[in-house]
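In what follows, residues are counted from 1 in the order of the sequence shown.
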Amino acid sequence: MNARRTRFYRDKLNAKWFGVCAGIADYTGLDTTLVRVGMIILTFLGGPLTLFGYFATAWLAPRKPLELYTRPEDAKFWQGVRASPRRTVKDVRSKFRELDRRLASVETYVTTTNSRLFQEIEQLR
């Protein structure tokens, strides 16, 4: 597993200020607006401590590399890995089992005594 894809980054591409809220949204898979509203509410409830945490995160967190995800499906997959690694492993194992089952059925079909298929293969030789 590529550790870069499971790390938290500031998302300057979708940022309003420093990209912290956009980074949290990207990391968790939540809507960016929801994270921003939550940050505003937390600022009113937590006061200067929340602002300190925001600016500390903006200073410490690295910028999100542009080449991190090549497709939107990749971004969704890695968000799932970060949110629930066990579920992701189960999903991948399930997909591999299904592929293995399908491959076994193809092998069974090809290796049985299928005279028509055998004749077609012999004609190709």
Side-chain angles (χ1 to χ4, degrees):
M1 179 163 35
N2 192 346
R4 290 181 51 208
R5 292 190 175 119
T6 58
R7 186 173 181 187
F8 172 75
Y9 293 104
R10 290 181 297 127
D11 188 1
K12 289 294 286 179
L13 201 61
N14 301 312
K16 292 293 181 189
W17 286 349
F18 296 106
V20 175
C21 290
I24 292 170
D26 179 56
Y27 188 79
T28 60
L30 296 172
D31 182 48
T32 309
T33 306
L34 183 67
V35 173
R36 289 180 179 138
V37 169
M39 183 60 95
I40 291 170
I41 292 170
L42 243 132
T43 302
F44 284 120
L45 295 176
L49 187 61
T50 304
L51 289 175
F52 175 75
Y54 179 88
F55 289 115
T57 303
W59 183 62
L60 293 173
R63 241 182 179 175
K64 179 181 172 183
L66 294 176
E67 71 281 350
L68 189 61
Y69 308 119
T70 54
R71 301 176 302 155
E73 296 86 21
D74 293 342
K76 286 292 181 192
F77 174 78
W78 288 105
Q79 285 172 350
V81 169
R82 290 187 295 261
S84 179
R86 286 183 184 213
R87 190 181 79 225
T88 304
V89 169
K90 281 183 182 178
D91 292 345
V92 169
R93 282 185 181 161
S94 170
K95 287 178 185 178
F96 275 120
R97 271 192 228 107
E98 176 63 20
L99 285 172
D100 191 44
R101 185 194 61 74
R102 290 173 62 192
L103 182 62
S105 70
V106 168
E107 285 177 337
T108 301
Y109 178 76
V110 170
T111 58
T112 58
T113 55
N114 187 341
S115 60
R116 185 173 149 242
L117 179 64
F118 179 74
Q119 288 171 358
E120 288 178 18
I121 292 172
E122 287 300 317
Q123 287 176 354
L124 291 174
R125 288 185 185 187

Checklist entry - Members other than Phe52 in its cluster, when Ile, Leu, Val, Met, Phe, Trp, Tyr link by side-chain heavy atoms under 4.5 Å? => result none

Checklist entry - Checking salt bridge (Lys or Arg N to Asp or Glu O under 4.0 Å) for the pair Arg101/Glu98: CA distance, chi angles, key distance, verdict? => result CA-CA 5 Å; Arg101 185 194 61 74; Glu98 176 63 20; 2.5 Å; yes

Checklist entry - Between atom CZ of Phe8 and atom CD1 of Ile24, what is the distance when rounded to the nearest 0.5 Å? => result 5.0 Å

What pairs of donor and acceptor atoms, side-chain ones from residues 35-43 against any protein atom, are under 3.5 angstrom apart with sequence neighbours left out?
{"from": "Arg36", "atom 1": "NH2", "to": "Asn14", "atom 2": "O", "distance (Å)": "2.7"}
{"from": "Thr43", "atom 1": "OG1", "to": "Met39", "atom 2": "O", "distance (Å)": "2.7"}

Item to check | Beyond-backbone contact of Phe18 with Trp59, side-chain heavy atoms, under 4.5 angstrom | outcome: no

Next on the checklist: Tell me whether Leu49 shares a hydrophobic cluster with Phe55, the cluster being built from Ile, Leu, Val, Met, Phe, Trp, Tyr side chains joined at under 4.5 Å.
Outcome noted: no

Next on the checklist: Has Arg10 got a side-chain atom pairing as donor or acceptor with Gly19's backbone, closer than 3.5 angstrom?
Outcome noted: no

Next on the checklist: Quick check for you: to the nearest 0.5 Å, what is the distance between Thr33 atom OG1 and Lys16 atom NZ?
Outcome noted: 8.0 Å

Item to check | Residues forming a salt bridge (Lys or Arg N to Asp or Glu O under 4.0 Å) with Arg102, sequence neighbours excluded | outcome: none

Checklist entry - Taking atom CG of Asp26 and atom SG of Cys21, what is their separation to the nearest 0.5 Å? => result 13.0 Å

Item to check | Closest non-hydrogen atom pair between Thr32 and Ala22, with its separation | outcome: CG2-CA, 4.0 Å

